[in-house]
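Quick caveat, the model's predicted, so the values are computed rather than measured. Sequential numbering from 1 along the given sequence is applied to the chain's residues.
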Amino acid sequence: MNDFWRGLAWQAFCILDKNGSGEIDKAEISSTYNALMHPDVRAGKRSEDEVLTEFLDTFEMHSSLLHPGEYNHKVSFDEFCEYYNNVSANIDNDEYFQLMMVNAWKLGQHNGTQ
């Protein structure tokens, strides 16, 4: 992951890491990711908690392949980057990666930034 992409990942991570602890937990995810709108929750197939846990686990799963045993239901910046490193394997330019991150995390719309 180049420095530009890592910077975008850092911006997104900071949006999620509300308390500045350096780790994202379920409470922080739930304040940004609305699991109530997930189709399975709306259909009554899964609970909001199950969807939030799965969302967090998605980030940790990518990192745990390289670092077994570090599965703690909290996402560090390194785990967050590892996820986007895997997701972006087929992205070959900065503009598309930036578009993906801006759309996913609404970069530039938090804390009065542009």
Side-chain angles (χ1 to χ4, degrees):
M1 179 177 282
N2 69 36
D3 288 342
F4 179 71
W5 292 17
R6 193 168 176 82
L8 291 168
W10 178 250
Q11 289 177 44
F13 185 83
C14 288
I15 289 168
L16 294 168
D17 184 18
K18 305 281 188 205
N19 65 9
S21 69
E23 293 181 316
I24 303 165
D25 62 23
K26 194 183 302 182
E28 290 170 312
I29 286 286
S30 69
S31 71
T32 305
Y33 178 75
N34 186 355
L36 290 173
M37 299 307 293
H38 190 282
D40 286 350
V41 174
R42 293 180 69 164
K45 294 178 183 176
R46 295 170 57 203
S47 71
E48 181 181 8
D49 188 64
E50 289 172 322
V51 169
L52 288 170
T53 299
E54 178 183 66
F55 187 67
L56 265 180
D57 287 351
T58 299
F59 292 98
E60 279 201 303
M61 182 176 49
H62 286 271
S63 181
S64 70
L65 296 173
L66 295 174
H67 310 284
E70 293 184 18
Y71 213 80
N72 63 2
H73 301 288
K74 294 181 181 182
V75 179
S76 69
F77 181 61
D78 287 342
E79 290 169 331
F80 195 75
C81 283
E82 186 58 38
Y83 170 79
Y84 277 106
N85 204 33
N86 290 328
V87 166
S88 66
N90 294 319
I91 297 175
D92 58 0
N93 66 62
D94 290 348
E95 292 79 19
Y96 188 79
F97 186 81
Q98 182 176 24
L99 178 65
M100 177 186 70
M101 295 299 284
V102 166
N103 288 336
W105 301 110
K106 299 182 180 17
L107 298 183
Q109 297 179 21
H110 296 271
N111 298 326
T113 60
Q114 295 276 351

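- Between the side chain of D17 and the main chain of S21, a donor-acceptor pair closer than 3.5 Å is present.
- With sequence neighbours left out, the side-chain contact (heavy atoms from CB on, under 4.5 Å) criterion links N93 to E95, Y96.
- Judged by distance alone, the side chain of S88 and the main-chain N or O of I91 form no donor-acceptor pair under 3.5 Å.
- Of all the heavy atoms in C81 and R6, the pair that sits closest is SG-NH1, 3.4 Å.
- With sequence neighbours excluded, the residues forming a side-chain contact (heavy atoms from CB on, under 4.5 Å) with R42 are M37, listed by chain and number.
- A salt bridge (Lys or Arg N to Asp or Glu O under 4.0 Å) check over residues 23-34, counting only residues at least two apart or in different chains, returns the pairs K26-D49.
- Among residues two or more places apart in sequence or in another chain, the salt bridge (Lys or Arg N to Asp or Glu O under 4.0 Å) test is passed with R46 by D40, E54.
- Rounding to the nearest 0.5 Å gives a distance of 10.0 Å between CZ of F59 and CZ of F13.
- Between atom CG of residue L8 and atom CE of residue M100 there is a gap of 9.0 Å, rounded to the nearest 0.5 Å.
- Applying ring-ring contact (aromatic ring centres under 6.0 Å, His included) to F77 and the options Y83, Y84, W10 leaves one that passes, W10.
- Sorted by first and then second residue, the ring-ring contact (aromatic ring centres under 6.0 Å, His included) pairs with a member in residues 18-41 read Y33-F55; sequence neighbours excluded.
- For the residue pair S47 and V41, the shortest heavy atom distance occurs at O-CG2, 3.7 Å.
- Remark: N2 pairs with F4, W5, D94 by the side-chain contact (heavy atoms from CB on, under 4.5 Å) rule, at least two apart or across chains.
- Rounding to the nearest 0.5 Å places CD of Q11 at 15.0 Å from NZ of K106.
- Looking only at side-chain heavy atoms (C-beta outward), L56 and K74 stay at 4.5 Å or farther from each other.
- Within the model, atoms NZ of K18 and OG1 of T32 stand 3.5 Å from one another, a figure rounded to the nearest 0.5 Å.
- Checking S76 against D78 by side-chain atom types alone, no donor-acceptor pair falls below 3.5 Å.
- Rounded to the nearest 0.5 angstrom, N86 CG and T58 OG1 are separated by 12.0 Å.
- Applying the side-chain contact (heavy atoms from CB on, under 4.5 Å) test to L99 and every residue at least two apart in sequence or in another chain returns N103.
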